[in-house]
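Have a look at the structure below, then the notes.
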Amino acid sequence: MKVEPLDFRELEEKFCGSLLGLALGDTLGELAFTARSRRRLEESLKSLDHLSYTDDTAMAIALAQSLLQEKDLHPQSLGKCFHEAYLQEPWRGYGPGPRRIFSLVTKTGLSYLEAAQKLYRGQGSLGNGAAMRIAPVSLFFLEHPELEAKARLSAAVTHAHPVGQDGAVVLARAVAEVIKLRPPTGLNKVGLITLLLTIAQTEEIREKLHQIIKLLEKEAGLKEAVSLLGTSVIVQESMPYALYAFLSHPTNFKEALLAAILQGGDRDTIGAMTGALAGAYLGIKALPKEWLDKLENRDKIETLARKLGHQRQNYSSK
């Protein structure tokens, strides 16, 4: 049976779902550092009137704003957007990598790409910071033949290490793939990871993708997935687990997100990556309303998602 492609309204709901899902994953993941059980997390969510996000969402917002402003991805302009967002809200929880890059640019006049190459003895960062914010690239370049190249370039502004970039590229393609599917029957889990294997360029990421396939085939539990895939700040030890958390509950945003953030490790960033995937697949209507109603800058994030949708239509028609 032929499956009809999604219309613009359906896609727009998924764009909103992805960016808001990212923000919710970031926000709830940050809460889970102290509320480490499901019960404690649910109690915290009920008691709070406001859910605040971290640098994960702040950088995704800056990335979306840069894409809309430039109508493309320009590394120096993107770096400036990241830098300005940091200067306005340095308390968001930025990691040492971006802070050092911003300092180097200010003190030496290097470009952001050049500064990123100076980190970690000239090897660059292989952290998950480029992957956590990548969803706007997936949306803006959804059907563009250079999606992977644009994702890699967006990562290079802060992550010069090939693995750091590869993790972002693979997640960008994953978001782009699931956003085009109509749940609940459209997702082939092993097929998705097999596709991502054709995108990955580093052995570190490819090895973890192969492990995901094995975990999926045996329907492994989350603890086994954590032990094999990892949940650290290194991208090959967190992005793959975010993929698995999503695939463990692809039709239930809440359960996918709880699977992501309640297993320890870099909870907010794994939550952001999982939330971006689950929101992209399921759309905004699948996101818990009681969470969205409390989310900081919810309207701003949703507006950016809709603008990315409209700009993408203009961009793809050139």
Side-chain angles (χ1 to χ4, degrees), residues 11-30 51 53-65 67 128-142 147-148 150-151 154-155 167-181 183 187 192-193 196 199 231 235 238-261 266-288 291-292 295 297-298 300-302 304-306 308-309 312:
L11 278 176
E12 189 176 47
E13 287 189 358
K14 283 166 157 275
F15 275 39
C16 294
S18 187
L19 288 199
L20 289 168
L22 184 159
L24 285 175
D26 170 26
T27 301
L28 270 66
E30 183 68 12
L51 298 176
Y53 53 74
T54 77
D55 63 309
D56 299 37
T57 303
M59 295 189 84
I61 288 172
L63 175 51
Q65 291 172 329
L67 290 170
N128 53 23
M132 73 188 186
R133 66 184 189 235
I134 200 65
V137 174
S138 305
L139 309 185
F140 191 78
F141 297 106
L142 182 64
L147 168 62
E148 286 84 22
K150 300 293 186 180
S154 81
V169 171
V170 167
L171 191 65
R173 172 51 71 185
V175 171
E177 289 301 313
V178 301
I179 208 169
K180 292 181 284 187
L181 301 176
L187 179 63
L192 173 64
I193 304 303
L196 298 180
I199 303 300
T231 56
V235 73
S238 52
M239 186 277 293
Y241 181 69
L243 279 169
Y244 193 78
F246 160 61
L247 293 174
S248 71
H249 297 282
T251 60
N252 189 315
F253 180 89
K254 180 178 180 179
E255 293 303 321
L257 194 54
L258 293 177
I261 65 177
D266 195 13
R267 297 170 188 260
D268 59 329
T269 298
I270 295 172
M273 293 186 286
T274 303
L277 283 163
Y281 183 53
L282 297 171
I284 187 173
K285 292 179 180 178
L287 277 56
W291 297 352
L292 280 178
L295 178 64
N297 285 332
R298 179 258 175 92
K300 176 181 180 178
I301 295 168
E302 185 171 343
L304 284 172
R306 294 183 188 280
L308 285 169
R312 179 196 68 86

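No experiment lies behind these values; they were computed from the predicted model shown.
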Could you go step by step and tell me if L139 and L19 meet the side-chain contact (heavy atoms from CB on, under 4.5 Å) rule? CA-CA 9 Å; L139 309 185; L19 288 199; 3.9 Å; yes

Does [X] reach the side chain of [Y], with side-chain heavy atoms less than 4.5 Å apart?
X    : Y    : result
I193 : L247 : yes
N297 : Y53  : yes
T54  : T269 : no
M239 : N128 : no
D56  : E30  : no
T251 : L187 : no
W291 : T27  : no

Which heavy atom of [X] sits nearest to which heavy atom of [Y], and what is that distance?
X    : Y    : value
G279 : L287 : CA-CD1, 4.2 Å
V235 : G167 : CG2-CA, 3.8 Å
A60  : P136 : O-CG, 3.5 Å
G25  : L257 : CA-CD1, 3.4 Å
A168 : A155 : CB-CB, 4.0 Å
A280 : V175 : CB-CG1, 3.9 Å

Identify, with sequence neighbours excluded, every residue that meets side chain to side chain contact (heavy atoms under 4.5 Å, CB included) alongside L142.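 Result, side chain to side chain contact (heavy atoms under 4.5 Å, CB included) vs L142: L11, F15, A176, I179, K180, R312.
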
Taking side chain to side chain contact (heavy atoms under 4.5 Å, CB included) as the definition, give me every residue that meets it alongside P183, ordered by chain and number, with sequence neighbours left out.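 K14, Y281, L282.
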
Looking at [atom1] of [X] and [atom2] of [Y], how far apart are the two atoms once the value is rounded to the nearest 0.5 Å?
X    : Y    : atom1 : atom2 : answer
L20  : L292 : CG    : CG    : 5.5 Å
M273 : I134 : CE    : CD1   : 11.5 Å
D55  : M132 : CG    : CE    : 4.5 Å
L147 : F140 : CG    : CZ    : 12.0 Å
R173 : L196 : CZ    : CG    : 9.0 Å
F246 : L171 : CZ    : CG    : 10.5 Å

Begin with the C-alpha distance, continue with both residues' side-chain angles, and end with the deciding distance and a verdict on side-chain hydrogen bond (donor to acceptor under 3.5 Å, both in side chains) for S238 and D266. CA-CA 7 Å; S238 52; D266 195 13; 5.6 Å; no

Check for a donor-acceptor pair, side chain of [X] on one end and backbone N or O of [Y] on the other, with a separation under 3.5 Å.
X    : Y    : result
S154 : A151 : yes
S18  : A276 : yes
R267 : I261 : yes

Before giving the answer on side-chain contact (heavy atoms from CB on, under 4.5 Å), spell out for K254 and L258 the whole-Å C-alpha distance, their side-chain angles and the decisive distance to 0.1 Å. CA-CA 6 Å; K254 180 178 180 179; L258 293 177; 4.1 Å; yes

